[in-house]
Amino acid sequence: MRRPLLVLFALLFVLAACGQKAGVRDTQQVGASDGIGSSSETTAPAVDGEATVPTTAALPGGTVAPSPTGGGSSSGGTSAGGSSAGGAAPTTSTAAPVAGDRTGISDQVIKLGFHAPVTGAAPVPQESFRRAVMIYWNWINANGGVFGRKVEVTFKDDQFNPSSAVQACRALVEQDKVFILLGSAGADQITACAKYANSVGVPYLSPGVNESDLSSLPGYFAISETYRQQSPMLGQLAKKLSKAGKVAIVIEDTPTFQDSHASIVAAFRSQGLSIVYDKPISKDASQAEILTTSSALRGSGADVVYFLGPPVTFIPLAQQGQGQAYTPAYIGPGLSNGLNLVAQAGCPGIGNSRFLSPFPEMDAIDRLDPNYTKQYRAQTGQEPDDLGIAIWGVSKTIHQMLLAAGPNLTRQSFEKTLVSGKAFASNVYPALRYTAANHFGAASAHLLQADCGHQRFITAATFASSL
Amino acid sequence: MTAQALVIGIITGAAYGLVALGLVLVYKSSGVLNFAQGEFGTVAVYALWLGTTHGIPYVLAVLIALGVAAVFGFVTERVVVRPLADAPRVTVLVATAGVALLAVGLELWIGQAQIRPIAPALRRQDRLRILNVYISDQRLLIILTVVVVALVLRWVFTRTFLGLAVLAASEEPTGTRLMGVRVERLSSAVWVLAALLGGVAGVLTGPLSGFGPGFLTSSALVAGFTAAVIGGFTSLPGAFLGGVVVGVIQSLATSASWLADVPGPQTAALFVLLVVILLARPQGILGRAS
Amino acid sequence: MPVLEADGISVRFGGVQAVRDVSVHVGEWEVVGIIGPNGAGKTTLFNVLTGFQRPNTGRVRFEGDDITGEPVHRRAALGMGRTFQNVGLVKAATVLDNLLTAQHMAVGYGAVAGIVGSSLAFERERAVRDEAARLLELLGLLPVADLVAGRLPYGLRKQVELATVLATHPKVLLLDEPTSGMGPEEAEAFGERLLALRRELGLSVLMIEHHVPLVAAVCDYVYCMNFGELLVEGKPDDVRSHPEVVRAYLGDEAA
Amino acid sequence: MTPRVAPLLALAAVVLVLPRLVFDSADFALLSLAVVYAIVGLSLNVLIGYAGTISLGHQAFVGIGAFTSAYVVTELRQPFIVGVLAAAALGGAQAMILGGLALRVTGLYFALVTLSYGVFAQDTLFGIKAITGGGAGRAAPTPTGDGNFVPYYYICLAFLGLVLWLDWRMMRSKTGRALTALRQDPRVAASLGIPVKAYLLLGFAVSGVFAGIAGALFAHGNGFVVSNDFSLQLGILFVLMTVVGGLRSRTGIVVSAALTAVVPLIIREIPGLESALARPERTVPVVVLVAGLVAVGVGVLRGGRAAQVVGVAMVALSAAVLSPLHVPGVEPQLEQLPALDPSMLRLIVLPALVVMTLRTAPGGLGQQLRPVVRWVCGGRFSLDAGPGDLREVVDARA
């Protein structure tokens with residue numbers, strides 16, 4: 001009986017030690033035109049020299065992105081093995097010449113690193129994320145790329161956990177040698193990663209969340225309004241919505257949200273509203289806590305509730321409120337990517353909620369950027385959703401920045417371009433204008449409103465800077 | 001405020017009682033602390049979710065989900081518990097913890113990490129109003145279920161041949177076998193029953209806040225064990241009462257202003273409660289000293 | 001001065017009076033026996049003497065000092081060695097390791113010094129090993145030194161147990177049915193060894209024993225218990241022929 | 001017995017040199033984690049294997065070490081080594097407090113206490129903002145420079161060596177004998193003069209010190225710690241890997257813990273496995289395929305006709321299901337992203353191994369490795385190199 005076990009263990013042990021075989025990495029590579037990415041069956045060799053630019057990005061297994069010099073072999077720390085054309089970029093390194101740091105840039109490719117929670121406590125919907133992540137860049141790459149370079153996005157899951165986020169970002173920087181890092185959702189994760197990125201001199205961009213921890217980082221740039229910046233607008237909104245003049249504040253219990261809390265308190269006060277409830281809510285709130293909170297909210301008489309926390313907490317809170325015959329207007333600086341899922345899960349409880357968001361909802365996107373739905377349908381054959389808009393918008397903003405930075409791209413020139421005073425407008429995310437002193441360059445947001453009749457959110461206002 | 005906390009505690013504690021019942025059932029009949037009890041429920045919710053999203057009517061999907069839980073319980077007994085019948089009880093505990101972890105792994109794999117919503121069996125939210133707290137039909141159903149199950153099981157264990165045989169088998173397996181009782185079958189029956197109870201707990205509480213991998217283990221296993229300890233670990237109605245006590249203490253801890261600066265006051269309250277009870281009355285509040 | 005002395009010991013378990021007002025004493029160099037039918041409270045009394053059981057009333061004195069509240073290991077340190085009815089060995093360890101374990105008090109280095117491996121600890125370990133080997137040789141157990149104690153035949157286990165108790169350097173030995181499971185000849189041999197040990201090591205002995213001829217042969221003094229009370233005490237021959245004892249316990253055998 | 005030099009040198013080469021040759025420098029983060037897990041396994045072994053007391057809250061022991069060291073290094077601005085020492089001290093202290101409870105509450109009930117303690121630590125202790133940063137976590141800089149894991153791996157190895165040495169010394173000295181005695185029969189231990197309660201506390205303290213060291217190394221290897229790193233799931237994982245390694249077997253535990261940690265690396269190194277694992281509909285046939293091959297193998301070895309037939313059928317069936325997946329071009333582009341973090345496979349592999357271990361090989365991996373270890377230590381190589389006491393896997397006092 002013992003012998004098979006021995007063999008199994010021995011096998012595992014040997015496999016662990018038998019070295020780096022050509023295979024897939026744990027990175028989740030999304031090659032520019034490498035249609036099959038990391039699926040194991042791909043054994044197409046990397047083709048040296050010129051590759052025809054694919055007309056559409058969805059040519060599976062067809063053309064492979066041009067291999068950078070030295071690709072394929074497992075020298076040094078960067079090769080991803082034979083199958084993944086996007087893996088290797090040993091041509092440039094941190095030891096680049098005086099011209100600047102060209103890590104992640106080659107003549108053919110610009111590599112971006114992207115982290116988001118697809119697992120963990122409050123993950124973004126995986127399938128939908130999976131579909132959306134390369135749509136914008138596939139389209140750009142198919143039309144010549146950025147100054148002839150293809151953009152590749154390497155994605156890693158941060159598990160909605162700051163600690164995993166740092167690891168993901170470190171792997172993106174060290175293993176995948178990306179040019180810049182992008183964050184998407186989750187304030188704690190973004191803060192942790194931004195600090196890391198700053199410590200190794202890699203530019204980091206994300207939708208703005210909390211300001212206090214990030215404003216001191218020279219390499220951090222917010223591509224939307226921060227929670228603090230949104231507070232005055234939310235104050236006005238609360239003033240408009242509240243009949244009784246009584247408002248409540250429910251914020252997830254993390255130090256990251258301290259400045260958000262201070263700013264919303266100030267905003268409510270300046271609108272002359274009286275704050276009748278102000279208590280944090282636990283990260284993993286139990287049934288009893290949610291019931292107690294909703295009951296206390298009802299007891300306080302607040303008819304507007306500012307909520308800042310993950311959907312996993314918001315949805316049961318709103319539903320429980322409805323069960324307690326309590327339906328205040330919930331407002332806030334946006335739940336994480338993809339509000340329509342919140343609507344599907346939370347209606348009718350969330351029926352009376354309005355959130356600010358860096359990107360518009362499905363009802364307005366065609367007016368602002370008709371290419372999105374077209375490309376989404378063409379590339380995936382599926383109906384587009386709002387998570388796709390979020391990713392599309394980020395990508396488009398980065399594209400503007402890369403174009404502005406010009407063909408002689410380095411990390412230094414990129415950052416210099418950002419703070420040159422130029423405006424970057426994607427027409428999806430708010431227009432951005434940074435200065436050397438201010439890396440929080442957005443001045444507007446979209447206002448989204450729940451529409452429980454159709455279980456979705458609709459865009460009540462686009463690019464509002466006050467209400 | 002305190003009176004309200006009492007009501008909230010009772011209605012949330014009933015769910016703990018349901019988990020505790022399954023734990024007590026297994027412990028009473030085999031002396032095993034079953035760490036997989038929560039996952040019996042989570043697996044059932046996943047089955048319910050798969051069923052309803054594939055267009056199976058709700059009631060049928062619930063039945064299928066309970067069936068899945070029962071099969072899971074049966075397989076656990078056959079593959080893990082029975083071969084370890086002679087092993088120390090801590091060994092079996094480790095094995096059931098392994099089963100729980102396995103279930104979490106499979107759930108992650110099949111359903112991903114998403115927290116998902118699922119419709120309740122009964123939708124009316126504001127059926128009853130006690131001390132300004134509305135109690136939904138789903139919660140009433142949970143309370144009713146836990147009371148009925150506790151009483152029925154108690155009756156089974158004190159009045160029926162089956163129940164007495166189970167108890168006898170746990171005390172004196174050889175003697176019971178000599179009396180012509182098939183001890184192995186009893187063991188299977190107990191685990192299937194426990195898994196069914198777990199499944200009921202899962203499909204009833206899953207809709208309250210949505211579910212994810214391992215949700216019943218993380219939200220109710222520790223509370224369920226504490227409830228069982230309060231109930232003396234062998235008393236079935238005691239498990240229900242223990243659940244209510246835990247629920248009330250948690251909701252008091254949540255609303256207590258002097259605990260406002262303590263992070264995770266509910267978990268802290270649970271830990272302190274368990275330690276205090278075990279130190280003061282190791283046999284539990286309702287249990288009798290052996 | 002008596003080595004071990006118990007005064008007016010009573011123990012109650014719930015409603016059951018296991019031991020009622022029992023006094024025993026063991027003088028220097030004495031071999032004292034406790035007899036009585038099963039359930040007479042002998043082992044409970046033993047547990048009180050060695051510290052496993054707290055008496056409800058009564059005092060226990062060792063060499064004149066009151067040790068009633070002392071924990072088991074402290075009594076062992078004072079010089080009380082005890083064997084168990086069902087063989088008190090570390091069953092999974094080898095015979096040698098058992099003897100090393102038994103010299104716990106004698107090793108002469110601290111626990112932390114042992115863990116970090118001070119030179120004193122290494123040196124003392126060697127000394128302890130030598131002592132273990134000496135004891136094993138003394139008892140003729142060297143051939144089984146590397147065998148697992150729990151797997152030895154019953155009689156050998158008993159002998160190993162005695163060796164471990166001797167390794168604690170006791171002044172008084174408390175033996176709980178040392179000859180259970182032995183035949184008459186083995187028991188007789190055991191009695192001789194016991195007397196020899198007393199001679200060589202200067203031990204006092206208190207033993208629970210059923211084997212009456214052995215008690216008669218080796219004991220200087222005998223207590224007889226029944227229903228938790230002391231029935232009779234005295235010289236073995238007197239106790240043996242006492243009518244109460246005959247009626248209560250020895251009736252069949254004496255007849 | 002004199003140890004054989006050649007195999008020991010080979011082992012040293014495998015541990016010290018081989019990783020430099022085959023792994024990226026970035027992979028050393030995971031290799032460091034493997035060393036940390038090995039220390040955790042040894043720490044848990046002191047409690048379960050030596051003292052016979054179950055702990056299901058060991059993630060809290062590790063977490064306390066992690067936050068202590070992170071706090072000492074970032075807030076108090078002390079060097080790394082001071083952080084590790086502080087972590088070891090506090091880890092030992094909190095373990096002794098819990099040990100005090102173990103004196104009063106034994107067996108299964110103590111298992112419940114540790115379970116509850118672990119969750120309490122995660123939610124409450126690790127939520128104290130001033131020390132742990134609340135939910136936002138705390139930075140813990142890597143002493144060898146950020147992201148420079150190669151030297152850090154060797155630092156971790158040095159600590160593993162230290163822990164192994166302490167463990168070995170403990171078991172060869174009076175403490176080890178006292179723990180063995182009190183685990184098997186506290187009454188016998190006491191009557192031999194061993195202060196049972198004190199040694200149980202000492203066992204907890206040693207376990208806590210080891211766990212504290214592991215926690216500090218974990219924190220500084222991660223660069224960042226947050227309360228969610230120390231979940232109930234991790235605590236169970238720790239227990240399972242220790243049991244699979246084989247209680248009271250240092251070798252087995254180190255190997256098993258290390259393998260548990262490097263599961264993602266293993267998956268990556270097996271071609272095709274990662275993407276096959278991405279989605280259940282693709283993995284199930286793979287599992288069936290492997291199971292079928294095993295069934296055929298067992299059938300051939302044991303002469304079981306039925307097993308062979310069933311095995312062949314399973315192989316054929318799964319091959320039929322799998323074959324379309326291999327046709328290039330069929331893969332839709334959406335499949336680019338594997339669905340899950342491969343580390344979740346730990347949650348499936350380890351429980352399966354634990355059930356196998358408990359049922360058929362109670363000595364765990366340590367028992368399987370014993371012939372080899374014996375041979376390396378200078379004994380004869382014999383597959384039957386018998387262990388003395390392997391009847392109980394977890395003979396905690398219950």
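Per chain, numbering begins at 1; letters A, B, ... match sequence-line order. Please read these numbers as outputs of a predicted model, since none were measured by experiment.
Scored by the side chain to side chain contact (heavy atoms under 4.5 Å, CB included) test, B:Thr205 finds B:Ala15, B:Ile142, B:Leu208, B:Phe215, B:Leu216 as partners (sequence neighbours excluded). A search for side chain to side chain donor-acceptor pair (under 3.5 Å) contacts involving B:Tyr16 returns B:Gln250, not counting sequence neighbours.
The aromatic rings of A:Phe314 and A:Phe307 are tilted relative to each other, their planes meeting at an angle between 30° and 60°. Under the 30°/60° scheme for interplanar angles, the aromatic rings of A:Phe457 and A:Phe355 are found to be tilted.
Of the listed residues (A:Glu289, A:Gln319, A:Gln322, A:Gln320), the greatest number of heavy-atom pairs within a distance under 4.5 Å of chain B belongs to A:Glu289. When the candidates A:Ile290, A:Leu291, A:Leu317, A:Val312 are compared by the number of heavy-atom contacts under 4.5 Å with chain B, A:Leu291 comes out ahead.
With a 4.5 angstrom heavy-atom cutoff, B:Thr254 touches chain A via backbone and side-chain atoms both. Residue A:Ser286 touches chain B through both its backbone and its side chain, counting heavy-atom pairs closer than 4.5 Å. Neither the backbone nor the side chain of A:Ile315 comes within contact range of chain B; no heavy atom of the residue lies under 4.5 Å from a heavy atom of that chain. The contact between B:Ile11 and chain A is made entirely by side chain atoms (from C-beta outward), counting heavy-atom distances below 4.5 Å.
Separation of atoms CD1 (A:Ile281) and CG (A:Leu308) is listed at 11.5 Å; rounding is to 0.5 Å. Atoms OG and CZ, from A:Ser184 and A:Phe155 in turn, are 7.5 Å apart once rounded to the nearest 0.5 Å. Atom CD1 of A:Ile275 and atom CD1 of A:Ile249 lie 4.0 Å apart (nearest 0.5 Å).
Of the possible polar contacts, one joining the B:Ser255 side chain to the B:Ser251 backbone as a donor-acceptor pair under 3.5 Å is found.
Interface with chain B: from residues 251-260 of chain A, no residue qualifies, criterion being any non-hydrogen pair under 4.5 Å.
Pairs passing the side-chain hydrogen bond (donor to acceptor under 3.5 Å, both in side chains) check and including a residue from residues 136-149 of chain B, sequence neighbours excluded, read A:Gln287-B:Arg139, B:Arg127-B:Asp137.
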